[in-house]
2 protein chains.
Amino acid sequence: MENRFIDKLHGFGPLSDEDVAALKAATSKPRNVAGRRDLIREGDRPGPVFVVLEGWACRYKILPNGTRQVLAFLMPGDACDLHIGLLAEMDHSIQTITPALVATIDRTEMDELMDRRPGIAKAMYVAQLVDEGTMRAWITSMGRRTSIERVAHLMCELYLRARNIGLTDEPELALPLSQLLLADSLGMTPVHLNRVLKELRVSGAMILQRGSLLVADPGKLVQIAGFDENYLHRRLRRAA
Amino acid sequence: MENRFIDKLHGFGPLSDEDVAALKAATSKPRNVAGRRDLIREGDRPGPVFVVLEGWACRYKILPNGTRQVLAFLMPGDACDLHIGLLAEMDHSIQTITPALVATIDRTEMDELMDRRPGIAKAMYVAQLVDEGTMRAWITSMGRRTSIERVAHLMCELYLRARNIGLTDEPELALPLSQLLLADSLGMTPVHLNRVLKELRVSGAMILQRGSLLVADPGKLVQIAGFDENYLHRRLRRAA
DNA sequence: CGCAGCCTTGATCAAAGTCAATAGACGTGG
DNA sequence: CCACGTCTATTGACTTTGATCAAGGCTGCG
């Protein structure tokens with residue numbers, strides 16, 4: 001509960017006491033942001049790096065026809081791209097979902113941290129690679145998974161991420177994401193998502209209700225999602 | 001035609017003569033790779049950084065049910081993630097599409113380049129941000145664009161990328177991508193892609209045939225794709 | 001010449017979207 | 001404390017999009 005950003009980076013590489021102190025200092029003046037507030041908008045000049053210490057946020061894009069695509073969920077401990085300042089303008093927006101505690105680290109300070117503290121730099125790069133892996137998983141989901149698989153896969157992802165950072169250690173997780181928001185992240189309509197959630201509920205795999213995800217049958221959920229997709233592939237590889 | 005990787009980085013930030021010399025040295029021993037050869041497979045321990053100097057390649061993932069999702073196209077000048085070596089194993093595979101000229105830069109050499117040559121580091125980071133932006137555009141396409149918009153959008157992307165690196169300066173582009181491969185990148189069936197391509201051909205926007213993309217009516221193609229999605233959004237922003 | 005790998009087209013089917021109505025949940029102010 | 005408005009969730013009826021199945025047709029190459 002101290003500083004979820006530091007906790008998360010700890011998981012990605014060893015941090016010295018000095019590293020921790022530097023990170024603590026860099027995120028020592030977070031501000032409270034209400035829910036549904038844009039932190040930065042598509043087209044804006046990128047500013048400081050945002051770090052979400054508490055609460056949830058998302059990256060999203062609005063299309064010309066008015067529809068929205070959510071590109072990623074940021075949970076406590078997540079930060080947005082380090083090098084974002086190198087680009088002329090944002091290609092997407094970032095918005096809080098719930099009230100959140102957000103720290104900002106300005107570019108020069110971030111650059112210094114990365115330069116002087118290899119431990120921090122390494123952990124940040126790993127975090128970025130993990131985020132990229134998540135994006136690839138999303139592309140895969142959207143392209144080649146059915147809607148029920150896609151929903152199950154996202155729930156697996158969110159649950160595991162939450163568990164990794166200690167947001168929960170039970171089969172239940174507080175998930176403050178409306179069906180509309182989830183639908184916009186999964187590339188489907190809220191109506192259809194609602195039906196899929198019902199199907200998952202009836203199957204006994206998981207229950208998503210009143211802001212809470214209950215993973216009722218982890219094995220079943222993972223099986224529906226095809227979450228273990230590496231396994232088969234790795235075994236085939238030896239033959240090739 | 002000299003070294004497309006260096007040409008591309010030039011576009012992303014100023015490079016000194018020493019930077020160029022260092023890059024030239026690092027990519028001076030490329031090897032020829034046949035088409036349809038995996039450079040690295042999902043589950044493998046990441047090795048050196050790959051740089052595609054000539055020819056085309058793609059990132060992809062195979063799902064448990066045997067379907068494939070293409071995650072990105074690599075054209076001449078493109079490299080795979082710098083920090084990939086930090087991860088324990090690849091979460092996707094990379095395969096050549098055509099015969100290709102591929103340089104490998106091993107991790108220590110890459111680290112040195114990034115450390116000692118800020119110009120190179122900056123250009124590489126910008127390249128990576130651009131790649132991430134492309135992934136976000138793909139997620140957006142898959143989630144919220146119809147199949148014809150999606151196809152048109154991908155063609156805009158590929159054409160512009162090709163133009164940026166000097167692969168073409170005409171409305172035509174040699175595109176050695178089979179309909180099957182394109183379908184696997186767009187999350188649709190080859191049959192449906194074929195019909196969409198016909199529709200685009202009949203509409204006069206573009207013609208994709210015999211390994212060649214002809215952008216017959218750029219305005220129309222951009223309009224179908226909704227490629228200028230920023231414009232509307234930026235104007236709305238002022239009111240908010 | 002004949003095979004293999006694409007590409008093309010038609011007919012049919014299933015998945016997901018759209019439209020519409022109703023029901024809960026929740027916060028606000030009287 | 002209740003009435004009201006707003007936002008979110010749920011369900012039904014119907015439509016559309018894209019997938020599936022199946023049959024040729026090109027093209028390049030050994």
Side-chain angles (χ1 to χ4, degrees), chain A residues 34-37 56 58 63 65-70 95-99 141-154 174-203 206-214 224, chain B residues 34-36 56 63 65-70 95 97-99 141-154 174-202 206-214 224:
Chain A
R36 285 169 180 276
R37 288 280 183 291
W56 289 66
C58 65
L63 277 78
N65 63 15
T67 58
R68 173 176 65 166
Q69 177 64 46
V70 169
Q95 184 173 90
T96 56
I97 295 168
T98 63
S141 268
M142 309 265 255
R144 287 288 179 242
R145 281 193 254 260
T146 64
S147 55
I148 192 170
E149 292 167 352
R150 207 148 76 228
V151 173
H153 203 275
L154 178 63
L175 208 63
L177 312 175
S178 72
Q179 293 185 8
L180 201 136
L181 191 64
L182 286 168
D184 278 344
S185 79
L186 291 160
M188 49 204 271
T189 57
V191 173
H192 191 56
L193 172 64
N194 183 278
R195 293 190 229 266
V196 170
L197 287 176
K198 183 178 179 182
E199 199 178 336
L200 285 165
R201 197 182 322 131
V202 169
S203 81
M206 52 158 271
I207 300 171
L208 182 62
Q209 250 168 1
R210 276 180 250 103
S212 164
L213 168 71
L214 174 67
I224 292 173
Chain B
R36 285 170 180 277
W56 289 66
L63 277 77
N65 62 16
T67 58
R68 173 176 64 167
Q69 177 64 48
V70 170
Q95 184 173 89
I97 295 167
T98 64
S141 268
M142 308 266 254
R144 287 290 180 239
R145 281 192 255 261
T146 64
S147 55
I148 192 169
E149 292 167 355
R150 206 148 77 227
V151 173
H153 202 275
L154 178 63
L175 208 61
L177 311 175
S178 72
Q179 292 185 6
L180 202 134
L181 192 63
L182 286 169
D184 279 343
S185 79
L186 291 160
M188 49 204 273
T189 57
V191 173
H192 191 55
L193 173 64
N194 183 278
R195 293 191 231 266
V196 169
L197 288 175
K198 184 179 180 182
E199 198 178 337
L200 284 165
R201 197 184 321 131
V202 169
M206 51 159 270
I207 300 170
L208 183 63
Q209 249 169 5
R210 278 181 250 101
S212 164
L213 168 70
L214 175 66
I224 293 174

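Chain A is the first sequence line, chain B the second, and so forth, proteins listed ahead of strands; every chain is numbered from 1. Everything numeric in this text was worked out from a predicted model, so none of it was measured.
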Student check: side-chain heavy atoms of B/Met206 and B/Leu214 closer than 4.5 Å | no

Base, sugar-phosphate, or nothing: which does A/Thr189 touch, judged by heavy atoms less than 4.0 Å apart?
-> base

Taking all atoms of both residues into account, what is the closest heavy-atom pair of A/Ser203 and A/Ile224, and its distance?
-> OG-CD1, 4.3 Å

Enumerate donor-acceptor pairs with a distance under 3.5 Å from any side-chain N or O in residues 176-194 of chain B to protein atoms, sequence neighbours excluded.
residue: B/Ser178; atom: OG; partner: B/Leu180; partner atom: N; Å: 3.4
residue: B/Ser178; atom: OG; partner: B/Leu181; partner atom: N; Å: 3.1
residue: B/Gln179; atom: OE1; partner: B/Asn194; partner atom: ND2; Å: 3.0
residue: B/Asp184; atom: OD1; partner: A/Arg144; partner atom: NH2; Å: 2.7
residue: B/Asp184; atom: OD2; partner: B/Arg68; partner atom: NE; Å: 2.8
residue: B/Asp184; atom: OD2; partner: B/Arg68; partner atom: NH2; Å: 3.1
residue: B/Ser185; atom: OG; partner: B/Leu182; partner atom: O; Å: 2.8
residue: B/Thr189; atom: OG1; partner: B/His192; partner atom: N; Å: 3.3
residue: B/His192; atom: NE2; partner: B/Ser147; partner atom: OG; Å: 3.1

Sugar-phosphate or base contact per nucleotide [nucleotides 9-15 of chain D; S, B, -; heavy atom under 4.0 Å] | SBBBB--

Got a sec, which pairs hit salt bridge (Lys or Arg N to Asp or Glu O under 4.0 Å) with one end in residues 186-198 of chain B, sequence neighbours left out?
-> none

Considering heavy-atom distances to DNA chain D, does A/Arg36 or B/Arg150 have its closest nucleotide positioned more toward the 5' end?
-> A/Arg36

Flag, side chain of B/Ser141 to backbone of B/Arg150, donor-acceptor distance under 3.5 Å | no

Nucleotides 24-30 of chain D: which of its N/O atoms have a protein N/O under 3.5 Å away?
none

Which pair of non-hydrogen atoms, one from A/Ile97 and one from A/Cys58, has the smallest distance, and what is that distance?
-> CD1-CB, 3.9 Å

Smallest separation among heavy atoms of B/Leu175 and B/Trp56, with atom names = CD1-CH2, 3.6 Å

Residue set satisfying side-chain hydrogen bond (donor to acceptor under 3.5 Å, both in side chains) with A/Ser212, at least two apart, ordered chain then number -> A/Glu172

Is A/Gly187 touching bases, backbone alone, or none of the nucleic acid, heavy atoms closer than 4.0 Å?
-> sugar-phosphate

Extract, from 5' to 3' on DNA chain C, the first and final nucleotides lying under 4.0 angstrom from some heavy atom of chain A.
-> C/dA16 to C/dC19

A/Arg144 CZ to D/dG18 P: how many Å, rounded?
-> 13 Å

Can you tell me how far CE of B/Met142 sits from NE2 of B/His153, rounded to the nearest 0.5 angstrom?
-> 13.0 Å

Are any non-hydrogen side-chain atoms of B/Thr98 and B/Arg36 less than 4.5 angstrom apart?
-> no

At what angle, to 10 degrees, do the two end axes of the helix from C/dC1-D/dG30 to C/dG30-D/dC1 meet, given five pairs define each axis?
-> 30°

A/Leu208 and A/Arg201, any side-chain heavy atoms less than 4.5 Å apart | no

What are the two closest non-hydrogen atoms of B/Thr146 and B/Glu149, and how far apart are they?
-> N-OE1, 3.0 Å

